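Structure record follows, encoded as structure tokens.
Keep in mind that what you see is a predicted model, and the values were worked out from it rather than measured.
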Amino acid sequence: MELRHLRYFVAVAEAESVTKAAIRLHLSQPPLSRQIRDLEEELGVTLFHRTARSLRLTPAGRAFLADARAVLVAADEAIARVRASAGGPRTIEVGYAPTLTAHFLPRALDEFRRLHAPARVRLHDYSTAEMLAGLAGGQLDLTLQSPPEDAPRSLVFEPLAEFALRAVLPACHALAGRRQLAPRDLAGEKFLIYSRDDYPEYAGRLGRFFAAHRVPFRIDAEFDGAASLIAGVQSGGGIALLPECSSLEHTSGLVVRPVRPSPPRVVLALGFRPDALRPLAAAFAAIVRDVVRP
């Protein structure tokens with residue numbers, strides 16, 4: 001049992017609704033329900049009476065609620081004492097890939113602020129090479145990125161999630177009406193990619209995929225960030241292959257289509273240097289794990 005289980009239980013008990021508690025906790029409903037059931041299984045008791053329209057505490061649940069609140073208050077007081085003894089605000093430095101992290105990073109930051117204020121997370125939108133150098137040199141505590149192929153052995157890259165690559169095309173493109181695309185459909189297309197200098201693993205992955213299918217891979221332009229690359233596709237400058245977590249399906253002027261057979265999936269990893277991982281950075285890493293893999 002962890003403190004987060006107690007926080008989840010108290011939130012559901014106070015809201016008398018998993019849906020309302022999930023909104024307050026910035027979680028989706030199914031993982032929260034699963035966490036509550038896991039807690040009940042660990043305790044060996046039923047904490048809630050569940051019907052189609054209501055959720056009420058059982059007598060055991062009411063007794064446990066008082067104790068859970070007391071534990072959380074004690075934990076918060078302990079955290080406050082530690083912060084006071086540390087001499088004020090602290091900051092951790094985190095390099096991140098915006099495209100791969102936009103779907104969860106705001107929730108992780110909110111949770112960190114709630115548990116560890118006034119400590120701060122400072123984000124750095126760095127290239128792969130810059131994140132590697134920052135971790136190795138101690139300027140960065142953590143990174144959230146696709147794991148590089150030539151990382152030093154002193155660094156660890158812990159996989160968190162995987163995402164399929166999908167074709168992103170201008171809405172006016174001749175292939176936009178198809179439900180899915182094959183690699184051969186993309187022969188002769190102008191590809192827009194992330195800069196090979198900044199993100200070499202991205203270009204290498206695409207090049208090997210098309211070579212395996214004997215499809216020419218023509219790079220027409222390179223971009224240093226997601227916003228400029230997407231704008232290039234919207235303007236009709238070419239097409240791109242981007243991770244499904246980019247949430248581009250409803251972006252004006254674009255269509256997103258799966259490619260079959262699929263290109264290699266993109267891995268999101270948590271990077272750190274084990275011998276230099278500060279407790280505060282480890283706390284943020286734990287929150288990221290919980291948010292990405294609830």
Open item on the list: Tell me if a side-chain donor or acceptor on D141 pairs with a main-chain N or O of E93 at a distance below 3.5 Å.
Closed with: yes
TODO: Would you indicate whether Y126, at its atom OH, is surrounded by more than 12 heavy atoms from other residues, nucleotides or ligands within a distance under 6.0 Å?
DONE: no
TODO: Look at the side-chain heavy atoms of Ile, Leu, Val, Met, Phe, Trp and Tyr, link any pair under 4.5 Å apart, and say whether L140 and Y199 land in one connected group.
DONE: no
Task: Non-hydrogen side-chain atoms of R289 and E158 separated by less than 4.5 Å - done: yes
Open item on the list: Please give me the minimum heavy-atom distance between A281 and L142, naming the atom from each residue.
Closed with: O-CD1, 3.4 Å
Open item on the list: Ignoring hydrogens and geometry beyond distance, is a side-chain donor-acceptor pair present between Y202 and S195 at under 3.5 Å?
Closed with: no
Open item on the list: Are L268 and L155 linked, directly or through intermediate hydrophobic residues, by side-chain heavy-atom contacts shorter than 4.5 Å (ILVMFWY only)?
Closed with: no
Open item on the list: L123 vs L105, test: side-chain contact (heavy atoms from CB on, under 4.5 Å). Steps then yes/no.
Closed with: CA-CA 10 Å; L123 297 174; L105 196 50; 3.9 Å; yes
Task: Salt bridge flag under 4.0 Å for residues E244 and R265 - done: yes
Task: Minimum heavy-atom distance A108-F284, with the two atoms named - done: O-CE1, 4.0 Å
TODO: Find the distance between CD (E40) and CZ (R37) and round it off to the nearest 0.5 Å.
DONE: 6.5 Å
Task: Side-chain donor/acceptor of R166 to backbone N/O of V256, under 3.5 Å - done: no
TODO: Look at R56 together with E16 and state whether they make a salt bridge at an N to O cut-off of under 4.0 Å.
DONE: yes
- [ ] Provide the closest heavy-atom pair for L160 versus L144 in the form atom of the first, atom of the second, distance.
- [x] CD1-CD2, 4.0 Å
Open item on the list: Could you measure the distance from the CG atom of L181 to the CG atom of L169? Nearest 0.5 Å is fine.
Closed with: 6.0 Å
- [ ] Answer yes if V267 and I193 sit in the same cluster of Ile, Leu, Val, Met, Phe, Trp and Tyr residues linked by side chain heavy atoms under 4.5 Å apart, and no otherwise.
- [x] no
Task: Shortest non-hydrogen contact from L280 toward H116 - done: CD1-ND1, 4.2 Å
Open item on the list: Nearest 0.5 angstrom please: L241 CG to L186 CG, how far?
Closed with: 6.5 Å
Task: Closest non-hydrogen atom pair, A171 against V255 - done: CA-CG1, 4.1 Å
TODO: Establish, yes or no, whether a centroid distance under 6.0 Å links the rings of F64 and F9.
DONE: yes
- [ ] Kindly indicate whether the side chain of I36, heavy atoms from C-beta on, has any atom under 4.5 Å from the side chain of F48.
- [x] yes
- [ ] Output, in order, the C-alpha distance, side-chain angles, deciding distance and verdict of salt bridge (charged side-chain N to carboxylate O under 4.0 Å, His left out) for D67 and R69.
- [x] CA-CA 5 Å; D67 290 335; R69 283 172 170 159; over 6 Å; no
Task: Hydrophobic cluster membership, V168 vs L206, 4.5 Å side-chain cutoff - done: yes
Open item on the list: Donor-acceptor check, side chain of R257 to backbone of A176, threshold 3.5 angstrom: yes or no?
Closed with: yes
TODO: Calculate, to the nearest 0.5 Å, the distance between atoms CD1 and CG belonging to I230 and L242 respectively.
DONE: 6.0 Å
Task: Between E201 and T128, a side-chain donor and acceptor under 3.5 Å - done: yes
Open item on the list: Return the NE2 to CD distance between H5 and Q35, rounded to the nearest 0.5 Å.
Closed with: 4.0 Å
Task: Worked check of side-chain contact (heavy atoms from CB on, under 4.5 Å) between F272 and T143 - done: CA-CA 7 Å; F272 56 94; T143 63; over 6 Å; no
Task: Contact summary for P170 and I239, nearest pair of heavy atoms - done: CD-CG2, 4.2 Å
Task: Side-chain H-bond candidate by donor/acceptor type, H173 with E189, under 3.5 Å - done: yes
- [ ] Indicate if Y96 and L135 have the same hydrophobic cluster label, given that clusters are the connected sets of ILVMFWY residues with side-chain heavy-atom separations under 4.5 angstrom.
- [x] no
Task: Centroid separation F191 to F210 less than 6.0 Å - done: yes
Open item on the list: Go through it in stages, so that I can follow the logic: the residues are L109 and I287, the test is side-chain contact (heavy atoms from CB on, under 4.5 Å), and I'd like the CA-CA distance, side-chain angles, deciding distance and then a yes or no.
Closed with: CA-CA 9 Å; L109 294 171; I287 289 170; over 6 Å; no
Task: Side-chain ion pair, D110 and R107, N-O less than 4.0 Å - done: no
- [ ] Determine, step by step, whether R273 and V156 satisfy the side-chain contact (heavy atoms from CB on, under 4.5 Å) criterion, reporting the C-alpha distance in whole Å, the side-chain angles of both residues, the deciding distance to 0.1 Å, and the verdict.
- [x] CA-CA 6 Å; R273 203 174 109 192; V156 169; over 6 Å; no
Open item on the list: For T46, is there any backbone N or O sitting under 3.5 Å from a side-chain donor or acceptor partner on T58?
Closed with: yes
- [ ] Output the distance between atom OG (S146) and atom CZ (F157), rounded to the nearest 0.5 Å.
- [x] 9.5 Å
